[in-house]
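Here's the structure, in structure tokens; my notes come after.
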Amino acid sequence: MQDAHDSLVACIPRLRRYARALLGGRADADDLVQDTVERGWDRLSSWRRGSDMRAWLFGIMHNLHVDQLRRPALATEPLDDALPLAGADTTAGGLALRDLDRALQQLPAEQREVLLLVALEDMRYEDVAAALDIPLGTVMSRLSRARERLRLIMLGQPVPAPLKVVK
Amino acid sequence: MNTPVTEAELQAWVDGRLPPERRGAVDAHLAQHPADMDRLQAYRSQNAALHALFDPLLARPVPPAMAASATAPTTPASAPGPVRRPAWPPMLRAAAMLALTLAGGAG
């Protein structure tokens with residue numbers, strides 16, 4: 001049990017980084033991590049020993065996040081965590097990174113998830129497909145769309161109409 | 001005649017996940033399609049920028065309450081009432097925030 005505990009706790013920094021990137025600066029990013037750790041611990045018996053625990057936890061976090069998206073939107077708390085790196089950095093590089101953070105939040109959530117798991121978490125495409133429970137082809141097409149949309153946003157060019165209509 | 005290069009292979013090129021036997025074909029494609037090359041280089045820059053932006057977060061100390069939720073026994077079968085307790089009990093939240101503040105001040 002101690003081994004499992006240590007493995008799970010060792011995953012927390014990456015879960016927090018991912019949640020922060022996925023949710024932007026929303027104050028509930030750590031709540032999502034907390035819920036993921038709790039559920040992971042509760043369901044430890046369903047984790048296949050020897051398999052990648054991190055990928056399994058990302059799958060749990062994905063499901064919790066989807067549940068959250070289905071619930072009626074709560075008033076979102078404003079940014080409460082300035083990024084350690086870009087927060088105080090007013091150089092061109094620092095500003096560009098903050099632009100990237102904002103641009104990332106303009107992607108549809110399902111594209112952002114795939115992009116972050118691939119580009120930030122360095123997960124194999126097959127593992128992303130398993131974690132998100134989607135076909136490999138869907139991973140690749142979401143990845144392609146996410147990257148292109150992000151590129152256009154960063155260039156200040158018009159992007160294809162979003163999939164979701166707001167209001 | 002070579003197998004045509006797919007968009008998925010171009011994505012794999014960005015991530016360095018292209019199977020070795022397809023590298024030649026993709027490189028040849030990119031040599032002939034500079035616009036694709038520019039696009040893929042931009043995607044590689046995105047990867048690097050995402051790491052530059054978010055990697056510093058890995059150094060944040062884990063809040064004690066978060067680690068503690070991987071030690072508590074699983075929910076007792078006899079426990080009635082609400083299924084879910086608040087994710088952050090106020091005392092733990094305050095303690096964690098204090099710890100973070102101190103850690104931030106020290107760092």
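The structure displayed is predicted, hence computed values, not measured ones. Residue numbers start from 1 in every chain, and the chains themselves are labelled A, B, ... in the order their sequence lines are given, proteins ahead of strands.
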Closest heavy-atom pair and its distance - A:Asp101, B:Phe54: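 Closest heavy-atom pair between A:Asp101 and B:Phe54: OD1-CZ, 3.6 Å.
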For the student: nearest non-hydrogen atoms of A:Gln34 and B:Ser69, plus distance: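 Shortest heavy-atom contact: NE2-OG, 3.3 Å.
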Of all of A:Leu115, A:Val139, A:Leu143, A:Leu116, which one pairs up most often with chain B through heavy atoms under 4.5 Å apart?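 That would be A:Leu143.
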Which one of A:Leu100, A:Thr36, A:Val33, A:Val9 has the most heavy-atom pairs closer than 4.5 Å to chain B?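 Answer, by heavy-atom pair count under 4.5 Å with chain B: A:Leu100.
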Check whether A:Leu104 gets within reach of chain B through its side chain, its backbone, both or neither, counting any heavy atom under 4.5 Å.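 For A:Leu104, the side chain is the part near chain B, not the backbone.
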In terms of heavy-atom proximity below 4.5 Å to chain B, should A:Leu8 be classed as side chain, backbone, both, or neither?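 The side chain, not the backbone.
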Heavy atoms, side chains only, cut-off 4.5 Å: are [X] and [Y] in contact?
X	Y	value
B:Pro63	A:Arg16	yes
B:Leu57	A:Pro13	no
A:Leu150	B:Tyr43	no
A:Met154	B:Gln46	no

Check side-chain contact (heavy atoms from CB on, under 4.5 Å) between B:Ala8 and all other residues, then give those that pass, not counting sequence neighbours.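 If we apply the side-chain contact (heavy atoms from CB on, under 4.5 Å) test to B:Ala8, skipping adjacent residues, the hits are A:Met140, B:Thr6.
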Indicate if [X] and [Y] have the same hydrophobic cluster label, given that clusters are the connected sets of ILVMFWY residues with side-chain heavy-atom separations under 4.5 angstrom.
X	Y	result
B:Met37	B:Val5	yes
A:Ile153	B:Val14	no
A:Met61	B:Leu50	yes
A:Leu136	A:Trp56	yes

CG of A:Asp133: more than 12 outside heavy atoms within 6.0 angstrom?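 Counting neighbours around CG of A:Asp133, 12 or fewer heavy atoms of other residues, nucleotides or ligands fall under 6.0 Å, so no.
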To the nearest 0.5 Å, tell me how far [X] [atom1] sits from [Y] [atom2].
X	Y	atom1	atom2	value
A:Arg151	B:Asp38	CZ	CG	8.0 Å
A:Ile12	B:Leu58	CD1	CG	13.0 Å
B:Met66	A:Asp35	CE	CG	9.5 Å

Do B:Gln11 and A:Arg147 have side-chain N/O donor and acceptor atoms under 3.5 Å apart? yes
Looking only at heavy atoms, which of residues 118-125 of chain A get nearer than 4.5 Å to chain B? A:Val118, A:Ala119, A:Leu120, A:Asp122, A:Met123, A:Arg124, A:Tyr125
If I measure from the heavy atoms of chain A, does B:Ala59 come under 4.5 Å with its side chain, its backbone, both, or neither? neither
